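Take a look at the structure below.
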Amino acid sequence: MKKANIIIDKSYIVGDVDKRIYGSFIEHLGRAVYEGIYQPELACADEQGLRKDTIDLVSELNVPIVRYPGGNFVSGYRWEDTVGPKEQRPSRVDLAWNVIETNQFGLNEFVDWARKAKSDVMMAVNLGTRGVLEAVDVLEYCNLKGGTRLSDLRISHGYQQPHNIKTWCLGNEMDGPWQVGHKTATEYGRIANEAAHAMKILDPSIELVACGSSGSRMPTFGDWENEVLSECYEHVDYISMHQYFGNQENNTPDFLASSVEMDDFIKNVVAICDFVQGKKHGKKQINISFDEWNVWYHSNEQDKKLEKWVKHPHQLEDVYNFEDALLVGSMLITLLRHADRVKMACLAQLVNVIAPIMTSDTGAWRQTIFYPFMHASNFGRGTVLNTIVKCPVYDSKYGDAPYIDSVVVDNTEAEELVIFAVNKDLTEDFEITLDMRQYAAYQVAEHIVLHHEDIKAENTQSNPDNVKPHTGGASRVENGILTAVLENKSWNVIRLKKN
Ligand code: AHR
C-alpha cells in the first residue's frame with residue numbers, strides 16, 4: 001500500500017472557518033427557480049408554492065447563504081417587475097439565457113424561501129444595464145424600515161419588517177464579453193465604486209462584493225482585479241472569484257488535478273488584493289467571495305440545441321458522476337486551506353442547474369456532488385489547521401499534483417477534529433498516518449467514505465443511491481498515532497472525538 005503522512009500542530013492555524021464558505025446559488029436560469037424551488041401545482045409544495053422536498057434536501061446540505069438572482073441573469077434584472085401582485089407582473093425576455101422570464105417568483109418570494117431553508121440571502125444588483133440609482137432603490141426596498149416610497153412599497157406588498165440583507169454583489173462577471181453590459185475594468189471599477197459608496201450611505205451595515213475575473217484564464221485576469229480594486233477599494237469588502245472545471249478530454253488524473261489551478265488562482269488574487277491595499281496604505285484587508293465554483297461541462301453540447309424564448313427549459317442540467325464528486329471534494333479542501341482569506345463561497349448552483357439537487361414532477365434526489373458538500377458543510381466548522389501532506393505526486397497538465405488532498409479542521413466547541421481527504425490514485429489505496437499526541441483523548445468516531453468502482457457512476461432518479469457514502473472506513477488511533485486507509489479514488493471524512 002502507498003503511504004502518506006499528514007502533519008498538524010494545534011497552534012499552527014490558518015484561520016477560523018467562516019460558515020458562509022458553504023454558501024450556494026440560485027439563479028433565474030433553467031429549472032433552478034421554476035420546478036426547482038417553486039412549483040405550486042405539486043402536492044409537495046407548501047402554501048406559497050415552495051417545494052418542501054427541495055427545502056428538505058437543502059437543509060441536509062446546511063447552506064448558510066444563497067446568492068440570488070444571478071449570475072448572468074442579473075445584468076438584465078428589473079427587480080420592480082418581480083414584486084407586488086403576481087397578476088400584474090410582466091413577462092420579459094432574458095437576454096442572458098435567451099428565455100422568457102415570467103416573474104411569477106420574485107424577490108420577496110426568494111427571501112421567504114431562504115428563511116424556510118434557514119439561509120441568508122446574498123443579493124446581486126444589476127450593474128450591467130442599470131446603474132447606481134437602481135442599486136440604491138432595491139436596497140431601499142429591502143432594508144429600510146419604512147417612511148420612504150420604496151420601503152413603504154415593500155410594506156404594502158405584505159412585508160412589514162425589512163429583509164435586512166447584509167451581503168450584496170455589485171453586478172456579475174462584468175469582465176466577460178458575454179455579459180449584457182460588459183465593461184472594461186476602469187468602467188466597471190468606477191460604477192462599482194459609485195454604487196458601493198451610495199449603497200453604504202443608505203445602509204452602512206452591508207458588505208459589498210466587487211466582481212473579480214470570471215475565471216483564472218480570462219485574458220484580462222490580474223489587470224482586472226488590480227484596476228477594479230484600485231477604483232473601489234475604499235467602499236468594497238470582497239472581490240469575487242469564479243471557476244468551473246470540466247473533463248472534456250476524458251483524462252481523469254488531469255481533471256482531478258484541477259484543484260491545483262484553483263489553489264494558484266486564490267493565491268494570485270490574494271496577492272493582488274494585498275498589493276492594492278499596500279499601494280493605498282490601506283488598513284482594510286480585501287477578502288475573497290468565491291461565489292461561483294463547481295464542475296460544469298456535461299450539458300454544454302445539449303444546451304447549444306435549446307430552442308429560444310421558451311420558459312424555464314432544461315438548461316445546464318449536468319448529471320454528475322463519481323469523479324466530479326471527488327473533484328468537488330478537493331475544491332472544498334482547497335477553499336478550507338485558504339480559510340484566512342476565503343470568507344464566502346457559493347457552490348454554483350443549488351437545484352437542477354449544475355446542482356447537487358435534482359428535481360422532477362415526481363421527486364427530488366441527490367447528485368454525487370451532494371455528499372462531499374454536505375460533509376464539509378456539516379463537519380467542517382471550527383478552525384483550519386495548517387495541514388502539511390507528505391505524499392507522492394503525479395505529473396498532470398497543472399504540473400505536480402499530490403495524490404492526496406487533505407485538510408484538518410479543529411472544532412474545539414464540539415471537541416472534534418475532522419480530517420477531510422481525497423485519494424486521487426485510481427488504483428492504489430493509501431495508508432495515512434497522523435501524529436495525534438496533542439489530541440491525546442481523541443478517538444475515531446466515524447470514518448465516512450465515498451467510493452465507487454466505476455469512476456463514471458451517476459445518481460439518477462431511477463437509481464438515486466448508486467453513489468452514496470458509507471461509514472465503514474478503516475482508521476484507528478494507537479499510541480497517539482492515527483492510521484487510516486484511504487481507498488483508491490475516494491473522498492474521506494475522519495471524525496475524531498474527545499473521549
Ligand atoms: O452559474 C452559471 C453561470 O456561470 C452564471 O450565470 C455566470 O455568472 C457564470 O458564467
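One-based numbering, in listed order, for ligands and for the atoms of each. Because the structure is predicted, anything quoted here is derived from the model rather than measured.
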Is [X] close to ligand 1, meaning an N/O of one under 3.5 Å from an N/O of the other?
| X | answer |
| --- | --- |
| H242 | no |
| W97 | no |
| E292 | yes |

Between [X] and ligand 1, find which residue part has any heavy-atom pair under 4.0 Å and reply side chain, backbone, both or neither.
| X | value |
| --- | --- |
| F73 | neither |
| N72 | both |
| W293 | neither |

Subject >> Geometric cation-pi criterion K343 and Y238, 6.0 Å radius, 45° cone >> reply: no

**OP:** Cation-pi check, R154 to Y159: give yes when NZ or CZ is under 6.0 Å from the six-membered ring centre and within 45° of the ring axis, no otherwise.
**Re:** no

Subject >> Salt-bridge contact K116-D112 (side-chain N to carboxylate O under 4.0 Å) >> reply: no

**OP:** Run the salt-bridge test on R130 and E80 with the 4.0 Å N-O cut-off and return the result as yes or no.
**Re:** yes

In ligand 1, which numbered atoms sit nearer than 4.0 Å to a non-hydrogen atom of [X]?
| X | value |
| --- | --- |
| Y244 | 1 (O), 2 (C), 4 (O) |
| E27 | 5 (C), 6 (O) |
| G71 | 5 (C), 6 (O), 8 (O) |
| N172 | 7 (C), 8 (O) |
| I354 | 1 (O) |

Original post:
Tell me, which protein residue and heavy-atom name are nearest atom 10 (O) of ligand 1, and how many Å apart are they?
Top reply: E173 OE1, 2.7 Å

Subject >> Protein contact of atom 2 (C) of ligand 1 - nearest heavy atom, named by residue and atom, plus distance >> reply: Q349 NE2, 3.5 Å

Subject >> Test item: N466 side-chain N/O and E458 main-chain N/O as donor-acceptor pair under 3.5 Å >> reply: yes

**OP:** Verify the neighbour count for atom NZ of K279: are there more than 12 heavy atoms of other residues, nucleotides or ligands below 6.0 Å?
**Re:** yes

Subject >> Over 12 non-hydrogen atoms of neighbours within 6.0 angstrom of NZ in K284 >> reply: yes

Original post:
Which of these, E317, K311, Q39, sits in a side-chain contact (heavy atoms from CB on, under 4.5 Å) with R31?
Top reply: E317

**OP:** Nearest 0.5 Å please: distance from the OH atom of Y38 over to the CD atom of Q48.
**Re:** 9.5 Å

